[in-house]
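Keep in mind that what you see is a predicted model, and the values were worked out from it rather than measured.
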Amino acid sequence: MGQIAIAVYDPDVAYTERFCQYMNEAAGHDYVFRPMHGQEQLDHLISAREVEGVLVSESLREEYPLFIGDIHVGYLTGEPMEEVGEIFRYQSRREILEVLGKLLENEDTSVKLFVFAGASAGCGCSTVAAACAQELSQEEKRVLYFNMSCLGDTGTIFQGGNPRDFQYLLKELETGGDLDAAMAAVLNRDSGGVYYYDNLSAPLSLMNLTKSRMEILLRRLIDSGEFRYIVIDSSFSVNYGLLTACRMADRVIFVDDGVYTSNQRLHKIWSLFKMLGNGLCQKSVLLYNKFHEKYGRLYENPELPVAGTIEVLSPAGPSQMVEQMLGHEALREVLR
């Protein structure tokens, strides 16, 4: 088995070089330390998944979370501290390696929130979001999906049924009812293992979901830890509830089929994200769908990274389209 690659970056380039040289001098340990000379180089290495771990200066803690997909992140501190992920930079080599080993053994138990935003109707957003939910479920991850689009088509993708749907939950939230009981009452479970909220009875009311109500709902879901992943599909509906979800999300995925109307709408949403700030642009990526390739063109925006290209075909219906997406490399990239 080869050595475990660890990328190291500190704004003090000289320190980065000295640290890596010092750590690599000892023979027989399981790690090789690679000095990074800038954040651009580090980000490229992370996106290419060429390292198993990353050590950065404690000043970069806000930019690099403890887990970037399957990559563990540690913070080199100037003082001995006890928070998760911290490594005192002036310890002996043996002590640093010991702490690093424990860091890499840590399991990511945080709740991850993914928001899928479709550039327009019929671009494949719901299909991709549902496929991601099923992919996670097949990996034995407990996942919750709910559709925030104004069409409310969850029931066409997942199999199940519940006389109470998402509207009941929203009513309880509005009237100050028992939110935990309401969330349990509206919960559905697909035969494939995906839990979901349906909103088929009155989907257009989701357009009126306020920022504060969405914050309460998502914060309760995240804090409860009942679901390891939460997948929100907005399809082509942009509203206060969606924007709140995007602010709280770990990643926002735009799905665009390349046609003129989709490109135009995506440009408007992206402009809105830039205006609102709050890190929305930094955590957004694009999935380009070739379903309508013969009609359109790739959305050109050098500021928006492309996570991959998908090919959603339409042989029989949404459930069959989801099956085509399972295991797709672009999905694995999004879910990292």
Side-chain angles (χ1 to χ4, degrees), residues 111-118 121 125-130 132-134 136-137 141-250 252-253 269 272 276 278 280 318-319 322:
V111 176
K112 300 295 184 184
L113 174 61
F114 297 105
V115 174
F116 289 82
C125 181
S126 294
T127 300
V128 175
C132 281
Q134 291 193 351
L136 292 167
S137 178
K141 306 288 178 61
R142 192 172 169 92
V143 56
L144 174 68
Y145 168 101
F146 65 95
N147 192 314
M148 285 184 59
S149 82
C150 61
L151 295 180
D153 53 0
T154 310
T156 66
I157 297 176
F158 297 115
Q159 304 302 313
N162 194 327
R164 289 174 171 170
D165 70 359
F166 196 58
Q167 306 309 316
Y168 171 81
L169 175 56
L170 293 180
K171 183 177 180 181
E172 292 295 294
L173 184 60
E174 184 177 345
T175 58
D178 188 335
L179 186 55
D180 290 328
M183 287 193 297
V186 303
L187 193 62
N188 294 277
R189 186 176 188 272
D190 180 65
S191 58
V194 177
Y195 291 85
Y196 68 94
Y197 289 145
D198 206 348
N199 62 325
L200 203 56
S201 65
L204 286 175
S205 66
L206 277 173
M207 301 295 283
N208 299 320
L209 187 60
T210 64
K211 173 177 179 287
S212 59
R213 289 174 188 164
M214 179 54 90
E215 280 182 346
I216 292 172
L217 174 61
L218 290 180
R219 181 51 55 196
R220 185 70 65 91
L221 283 169
I222 292 171
D223 291 345
S224 72
E226 182 181 0
F227 298 100
R228 178 72 173 77
Y229 291 91
I230 300 171
V231 176
I232 294 179
D233 166 26
S234 75
S235 195
F236 57 97
S237 304
V238 179
N239 50 64
Y240 287 117
L242 170 63
L243 292 175
T244 301
C246 288
R247 289 191 182 98
M248 299 177 68
D250 293 278
V252 178
I253 303 98
I269 297 175
L272 175 63
L276 293 175
N278 296 314
L280 288 172
S319 59
V322 168

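Between atom CG of residue Leu272 and atom CG of residue Leu280 there is a gap of 8.0 Å, rounded to the nearest 0.5 Å. Note that CZ of Arg220 is 12.5 Å distant from CD1 of Ile222, once rounded to the nearest 0.5 Å. Atoms CD1 and OG1, on Ile216 and Thr244 in that order, are 11.0 Å from each other to the nearest 0.5 Å. The CG atom of Leu136 sits 12.0 Å away from the CD1 atom of Ile230 when rounded to the nearest 0.5 Å.
Taking all atoms of both residues into account, the shortest heavy-atom contact from Asp178 to Ala181 is OD1-N, 3.1 Å. Nearest approach of Ala133 to Val143, heavy atoms of both residues: O-CG1, 3.3 Å. The minimum heavy-atom distance linking Gly225 with Val111 is given by the pair CA-CG2, 4.1 Å. The heavy-atom pair separating Ser234 from Gly118 by the smallest distance is OG-N, 4.0 Å. Among all heavy-atom pairs drawn from Asp233 and Cys125, the shortest one is OD1-SG, 3.3 Å. Here the closest heavy-atom approach between residue Ala245 and residue Met214 is recorded as N-CG, 4.3 Å.
A donor atom on one side chain and an acceptor atom on the other are not found under 3.5 Å apart for Asp190 and Tyr196.
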task: Check the pair Leu217, Met183 against side chain to side chain contact (heavy atoms under 4.5 Å, CB included), reporting the backbone distance first and the verdict last.
output: CA-CA 9 Å; Leu217 174 61; Met183 287 193 297; 3.8 Å; yes

message: Could you go through Met248 and Arg219, starting from their C-alpha distance and side-chain angles, then the distance that decides it, and tell me whether this counts as side chain to side chain contact (heavy atoms under 4.5 Å, CB included)?
response: CA-CA 9 Å; Met248 299 177 68; Arg219 181 51 55 196; 3.5 Å; yes

message: Leu221 vs Leu144, test: side chain to side chain contact (heavy atoms under 4.5 Å, CB included). Steps then yes/no.
response: CA-CA 10 Å; Leu221 283 169; Leu144 174 68; 3.9 Å; yes

query: Between Ile232 and Leu218, does a side chain to side chain contact (heavy atoms under 4.5 Å, CB included) hold up when you go through it step by step?
result: CA-CA 11 Å; Ile232 294 179; Leu218 290 180; 4.0 Å; yes

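Residues Tyr229 and Cys132 have side chains not in contact (no heavy-atom distance under 4.5 Å, counting atoms from C-beta outward).
At least one donor-acceptor pair closer than 3.5 Å links the side chain of Asn188 to the backbone N or O of Val186.
Ring orientation note: the planes of Phe146 and Tyr197 are tilted relative to one another, at an angle of 30° to 60°.
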